[in-house]
Amino acid sequence: MAKQLLSGNEAVAQGLWEAGCAVGVGYPGTPSTEMLENLVKKEDVYCEWAPNEKVALEVGIGSAMGGVRSAAAMKHVGLNVAADPFMSVANTGVNGGLVLLVADDPSCYSSQNEQDSRNYAAFARIPCLDPSDSEEAYEFAKRSFDISEKFDTPVMLHETMRIAHTRTMVEVAGERTEVAPRAYESHPEKYVMMPAMAVKRRAVTDEREDALKAWAEDTDLNRVEMHDTKIGVIVAGALYNHVREALPEASILKLGVSWPLPQHKIEDFAASVEKLYVVEETCTYFADHVRALGVEVSIPPAGPLPRGGEIMPAHIRAAFGVGEPPHPAPAQGLPGRPPAFCAGCPHRLVYVELHRMHAIVTGDIGCYTLGAVAPYKAVDSVIDMGASLSMAHGMELAGVSERTKRPVVGVIGDSTFAHSGITSLLGTIYNGGKGTLCILDNRTTAMTGAQGNPVNGVTLTEQSQGVSPLSVPEGKYLDLEALCRAMGVDEVETIDAQDAASIRKALRTAVKHTDKLSVLIFRSPCRLIDRSTHKAPTIEACRKCGTCIQIGCPALGKAADGSATIDVNQCIGCNQCVQSCPFGCIKRGE
């Protein structure tokens, strides 16, 4: 045994590997991404990125059905995408163990909503494990396959951003348990979910639920820590540590299994304390279930906890009327750090032009969401993966462009297009939709760390070996132009995303063709994968108009006299500012 400092994601990868995981699949999404990126580095396990979470889970179901221990990883909104196979596999059961790592994001650090995925586990009636630190993430991951195979069910391993990215000490065995594949036998009555068979599986699922409830009462994953009996707290996950810090004398029922809940253990714990409280974040999952058992849950004496966002020790202290310990005052007067495109980002000039055109832009999930913030303020909606193209078609049906005299443009990234934009585009084509759709192809899944995807052709295994998307041979990656033409798009054009004049011409021409469907592919590699730099431009006799500043490049600034400046430490020589200067005062670097 050796102690290591691991993040929750690293610990889960280690635990799954030691337990004999043979296949790992997922789609990158913060805060779950690093689990597969660590698992793929280990021997005797195959890992891949899928085009989306639904496909990832289906691959995992297939390999588990085939008899090997398998894992699928996704963030909370990814589980929404995978909900269809998720609900069905809860009914069919598994063969080899199947574990779903699902990472929630309280406070929306990197997401479009808050969501407590434990509600999905309760909805599907599958066991959900809730580690409170990296040590438990490691242990729970190791045990999850045994639970899955014992009860013939997928298991959800639930984490939040606080668990996924916080490093704590873990005592690691470091040895893999080789698990022989289970024999595959054909069982249509188990796996073919036509209605007549699905109804019969319902009875099997009911029996499994009863067995899981009995197990939840006795498992050591749930434990009671008795201290002062005046206050009893039910808590799970990272919040256990916050309660322990904020209320060190409180008695605690720590739930390592958040579905099914141990009814008798909860009732006994409630009877052993004067008042029972629940500490949880983003929703009232635990409080609702505990009250449904007929157990009274009290409101903290100084007022309820926040309804949304991450719950911190300070929130718990405030709710229970406990004073804050002394600590240094926070720094004052620090400059704001609004999110911004990187220097040289290929998305920048597209949004500069869309802003100039006063376009109504239906956006999507990715780095290009930053087109919604200053100085561009060019994105009107961001709903979910793939929504941009469908919503642009909906705007067309509503006659928005005609009524506002503004063009409607859908904008999506290459990875998101492969994830769920293809079917959105297909729906527009099938129903005779017109308009302009933009694919911002920066050759990677940039927002989550430059992962591979079908458009750049780099697999997870290749990425772990250092293969660059810029070196992938033609024919291995998805040809966006050929696909769009094959689907029936009227006009398809590829434009250099670093060429301002070509961007302007392509966009202004496309939006005039109100009788056609145009797809514009703006292509240039992300700065995370193309690190090449060129000499910084120079500024001569600046006229102080401020136009160059409006492209929002972090390398551009203003001197005290109002003239433009270039920070050579940030500038990569992309020459976007050269193209933006209306007077030619910024000269291209030699």
Side-chain angles (χ1 to χ4, degrees), residues 346-364 366 368-369 371-372 376-383 385-414 416-418 420-442 455 478-524 551 576 579-580:
H347 300 331
R348 177 173 287 107
L349 295 181
V350 174
Y351 280 118
V352 168
E353 186 57 33
L354 288 170
H355 175 78
R356 185 178 284 119
M357 293 167 57
H358 301 290
I360 297 172
V361 177
T362 53
D364 226 296
Y368 44 90
T369 302
Y376 320 102
K377 297 183 178 180
V379 176
D380 294 83
S381 68
V382 175
I383 302 299
M385 300 280 277
S388 55
L389 310 187
S390 308
M391 290 182 64
H393 178 52
M395 287 273 193
E396 176 201 359
L397 298 179
V400 172
S401 184
E402 292 84 352
R403 288 187 281 114
T404 63
K405 307 305 179 185
R406 297 170 62 190
V408 174
V409 178
V411 176
I412 192 170
D414 53 319
T416 312
F417 181 72
S420 48
I422 295 174
T423 49
S424 296
L425 178 58
L426 182 61
T428 301
I429 296 167
Y430 167 59
N431 289 289
K434 312 300 180 186
T436 302
L437 308 175
C438 300
I439 302 175
L440 306 186
D441 180 10
N442 63 358
V455 179
L478 177 63
D479 187 331
L480 294 177
E481 296 92 331
L483 175 64
C484 290
R485 291 192 177 97
M487 291 173 70
V489 175
D490 299 317
E491 293 181 327
V492 183
E493 183 180 358
T494 300
I495 303 98
D496 180 356
Q498 299 287 5
D499 186 337
S502 296
I503 291 171
R504 177 173 296 183
K505 178 181 178 182
L507 279 171
R508 292 183 180 269
T509 300
V511 298
K512 290 178 181 178
H513 295 168
T514 56
D515 60 335
K516 297 179 181 180
L517 177 63
S518 299
V519 171
L520 305 179
I521 302 168
F522 295 101
R523 178 171 294 147
S524 183
I551 70 171
Q576 293 179 356
Q579 300 175 76
S580 71

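From a predicted model like this one, the values you see are computed outputs, not experimental measurements. By convention here, the first residue in the shown sequence is residue 1.
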- Any chance you could lay out the side-chain contact (heavy atoms from CB on, under 4.5 Å) test for Asn442 and Asp414, step after step, and finish with the verdict? CA-CA 7 Å; Asn442 63 358; Asp414 53 319; 3.1 Å; yes

- Taking the side chain from Ser420 and the backbone from Met385, do they hold a donor-acceptor pair closer than 3.5 Å? yes

- Would a 4.5 Å heavy-atom cut-off, applied to side chains only, mark Val361 and Cys438 as touching? no

- How far does CG of Asp496 sit from CD1 of Ile503, to the nearest 0.5 angstrom? 7.5 Å

- Looking at Ile495 and Ser502, what are the two nearest heavy atoms and their distance? CG2-CB, 3.7 Å

- Got a second to check how far His393's NE2 is from Thr362's OG1, nearest 0.5 Å? 12.0 Å

- If you look at every heavy atom in Tyr351 and Ala378, which pair is closest and at what distance? CD2-CB, 3.9 Å

- Once you round to the nearest 0.5 Å, how far does CE of Met357 lie from CZ of Arg508? 5.5 Å

- For the residue pair Val350 and Leu520, establish whether any side-chain heavy-atom pair is separated by less than 4.5 Å. no

- Query: If you take all heavy atoms of Tyr376 and Ile551, which pair is closest and at what distance?
  - Reply: OH-O, 2.6 Å

- Set of side-chain contact (heavy atoms from CB on, under 4.5 Å) partners for Gln579, sequence neighbours left out: Leu349, Asp499, Ala500

List, one per line, each side-chain donor-acceptor pair under 3.5 Å for residues 402-410, sequence neighbours excluded.
{"from": "Arg403", "atom 1": "NE", "to": "Ala398", "atom 2": "O", "distance (Å)": "3.4"}
{"from": "Arg403", "atom 1": "NH2", "to": "Ala398", "atom 2": "O", "distance (Å)": "2.8"}
{"from": "Thr404", "atom 1": "OG1", "to": "Val400", "atom 2": "O", "distance (Å)": "2.8"}
{"from": "Thr404", "atom 1": "OG1", "to": "Arg406", "atom 2": "N", "distance (Å)": "3.3"}
{"from": "Lys405", "atom 1": "NZ", "to": "Glu402", "atom 2": "O", "distance (Å)": "3.2"}
{"from": "Arg406", "atom 1": "NE", "to": "His358", "atom 2": "O", "distance (Å)": "2.7"}
{"from": "Arg406", "atom 1": "NH2", "to": "His358", "atom 2": "O", "distance (Å)": "3.4"}
{"from": "Arg406", "atom 1": "NH2", "to": "Ala359", "atom 2": "O", "distance (Å)": "3.3"}

- Query: How far does CG of Asp441 sit from CZ of Phe417, to the nearest 0.5 angstrom?
  - Reply: 10.5 Å

- Task: Check Leu517 against Gly433 and note the closest heavy-atom contact, atom names and distance.
- Result: CB-O, 3.6 Å

- Minimum heavy-atom distance Cys484-Val519, with the two atoms named: SG-CG1, 3.9 Å

- Is a donor on one side and an acceptor on the other found under 3.5 Å between the side chain of Thr369 and the backbone of Asp364? yes

- Task: Quick one: pull up NZ in Lys434 and OG in Ser401 and give me the separation to the nearest 0.5 Å.
- Result: 14.5 Å

- Note on the structure: Shortest non-hydrogen pair, Glu491 vs Val489, comes out as O-CG1, 3.2 Å

- Message: Nearest 0.5 Å, please: how far is CD1 in Ile422 from CG in Leu389?
- Response: 10.0 Å

- Short side-chain to backbone donor-acceptor contact, Tyr368 and His347, under 3.5 Å: no

- Message: Between Phe522 and Val411, is there a side-chain heavy-atom distance shorter than 4.5 Å?
- Response: no

- Measure from the side-chain N and O atoms of Asp490 to the backbone N and O of Ser518, and report whether any donor-acceptor pair falls under 3.5 Å. no

- Should Lys505 and Glu493 be marked as a salt bridge (Lys or Arg N to Asp or Glu O under 4.0 Å) after you check the CA-CA gap, both sets of side-chain angles, and the distance that decides it? CA-CA 11 Å; Lys505 178 181 178 182; Glu493 183 180 358; over 6 Å; no

- Query: When you look at Val352 and Gln576, which way does the side-chain contact (heavy atoms from CB on, under 4.5 Å) test go after all the steps?
  - Reply: CA-CA 11 Å; Val352 168; Gln576 293 179 356; over 6 Å; no

